[in-house]
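Remarks on the structure that follows.
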Protein chains: 2
Amino acid sequence: MPDTPTRKRETRIQRRNSDAILEAALDIFSKRGFRGATLDEIAEAAGLSKPNLLYYFDSKEAIHTELLDSLMDTWLDPLRDLDPDGDPKAQLLQYLRRKLEMSRDLPRESRLFANEILQGAPRIGAGLSGDLKSLVDAKAQVIRGWSDAGKIAPVDPYHLIISIWALTQHYADFEVQVRAVLGGVDPYEGAEAFLEGLYEKLLSL
Amino acid sequence: MPDTPTRKRETRIQRRNSDAILEAALDIFSKRGFRGATLDEIAEAAGLSKPNLLYYFDSKEAIHTELLDSLMDTWLDPLRDLDPDGDPKAQLLQYLRRKLEMSRDLPRESRLFANEILQGAPRIGAGLSGDLKSLVDAKAQVIRGWSDAGKIAPVDPYHLIISIWALTQHYADFEVQVRAVLGGVDPYEGAEAFLEGLYEKLLSL
DNA sequence: GTCTATACCTCGATAGAC
DNA sequence: GTCTATCGAGGTATAGAC
């Protein structure tokens, strides 16, 4: 029963504490960035002592890495689920919708990634040109196929995907600015209507 | 001849050093965030000693604030220039184009703001709900007028403006990811074509 | 497994010679 | 104005009792 490299073996109690640490770390790292976060803050949020944190994880870095790695999959699921055999426009609009839901429901995760990418992706750089690029390449081919077959309007599939990232993640990553500009209005209601209309028009022949 | 609060009086040599410091600080702050940047790094990049930095600015914070404040105006210029009396679609497409140019030509400035907003805008929060909101409100009225007059398609003006921010700034803020996904291709050429087509379609009646 | 105490380092800022 | 030297706060990580 081998241990994972960054995490210790798991009993019930250890599992519970590990989870509490990761939950707290997500909170703090997403709010302050890697360097801005302190183990004190994370420990307090997790309800543990600082040395106890380091009993469960080898280092601050290890907590951060574990978070990024375990969230990467979740993050790419919506794109992975884009079905080549489904209805093109419906598939793309569903991708848009799921990404927007993720911004609304998982803003901390979005900001965790944003912090990492913004600073040059020092810890997940490899994953970007590896797994991510492969996945995007594959799905771009699917979209190009749809364009060529005349099922959606002709469009650059890479910039289409990037635009969906940009537009949806913006509502989580720049939330304070969006809320400041919108006043008291809920950002996501307007966003959903606006974005669906936008892509509806873009993809229509 | 009163001094500004954060900056000392200026002779030629002081001006040159101040500028070198701000230039270096922009480089480092945009790359590492406020907390992640160190005065040592900034001093080295500026070709000065660390105490000498603090001869020109009161503190690390003061350098950062000076940067944000002096860049805020530049940043909002394109929106400020949106002309109520110009051709609606042309005005909006020009706004889009100028914002994309800013991402291409001033990526460090974009990332400086992105870092600040992402972490909850602790240092420019007031500016967001003040100056920024006022400006956006005013321009949103202009756009709504265009919609109502049937000069462009009906569209939520706030989310329209937000979408332009999101789409253009993404190419600067998430540059490593964009480049990883696109391989060797220049992001901005494809982006310009894609985005102009997108808004052309959106705004057309 | 969890704590207190602490070692050790990095960083922002200051002192003081030149 | 600019430097070397250094202080003191705050940070990660470890030692060691329980």
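Letters A, B, ... mirror the listed sequences (proteins, then strands); counts begin at 1.
In this structure, the CD atom of A/Q14 is 8 Å from the P atom of C/dT2, given to the nearest Å. Taking atom CZ of residue A/R32 and atom P of nucleotide D/dG10, one finds them 15 Å apart after rounding to whole Å. Atom C1' of nucleotide D/dT2 and atom CD1 of B/I21 are separated by 12 Å, given to the nearest angstrom. If you take CD1 of A/I42 and C1' of D/dG10, they are 15 Å apart, rounded to a whole angstrom. Between B/F57 atom CZ and C/dG12 atom P there is a gap of 15 Å when expressed in whole angstrom units. Atom CG of B/L53 is separated from atom P of C/dG12 by 10 Å (rounded to the nearest Å).
Interatomic distance, B/D40 CG to B/L53 CG, rounded to the nearest 0.5 Å: 9.5 Å.
Taking the six-membered ring where tryptophan is involved, the planes of B/F29 and B/H64 are perpendicular, since the angle between them exceeds 60° and thus also 30°.
A sub-4.0 Å separation between OP1 or OP2 of D/dC3 and a side-chain N or O of B/S49 is present. A close approach under 4.0 Å does not occur between any side-chain nitrogen or oxygen of A/R35 and OP1 or OP2 of C/dT10.
Exactly one of B/K99, B/R97, B/Q91 qualifies for a side-chain contact (heavy atoms from CB on, under 4.5 Å) with B/Y95. That residue is B/K99. Put simply, the residue from A/T168, A/D105, A/D173, A/N115 that forms a side-chain hydrogen bond (donor to acceptor under 3.5 Å, both in side chains) with A/S110 is A/D173.
With distances taken from any side-chain atom of B/Y55 to the nucleotides D/dT2, C/dT2, D/dC3, the minimum falls on D/dT2. Distances from the side chain of A/D40 to the nucleotides C/dT2, D/dG11, D/dT4 place D/dG11 closest. Out of D/dT2, C/dG1, C/dC11, the shortest distance to the side chain of B/N52 is found at D/dT2.
A donor atom on one side chain and an acceptor atom on the other are not found under 3.5 Å apart for A/S103 and A/Y188.
In this structure, A/A43 reaches neither bases nor backbone, as no heavy-atom distance under 4.0 Å exists between it and the strands shown.
Salt bridge status for B/E175 with B/R111: present, with a side-chain N to carboxylate O gap under 4.0 Å. Between A/R32 and A/E41 there is a salt bridge, since a side-chain N of the basic residue sits under 4.0 Å from a carboxylate O of the acidic one.
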- Produce a footprint string for nucleotides 13-18 of chain C: one letter per nucleotide, 5' end first; B if the base is under 4.0 Å from any protein heavy atom, S if only the sugar-phosphate is, - if neither. BB----

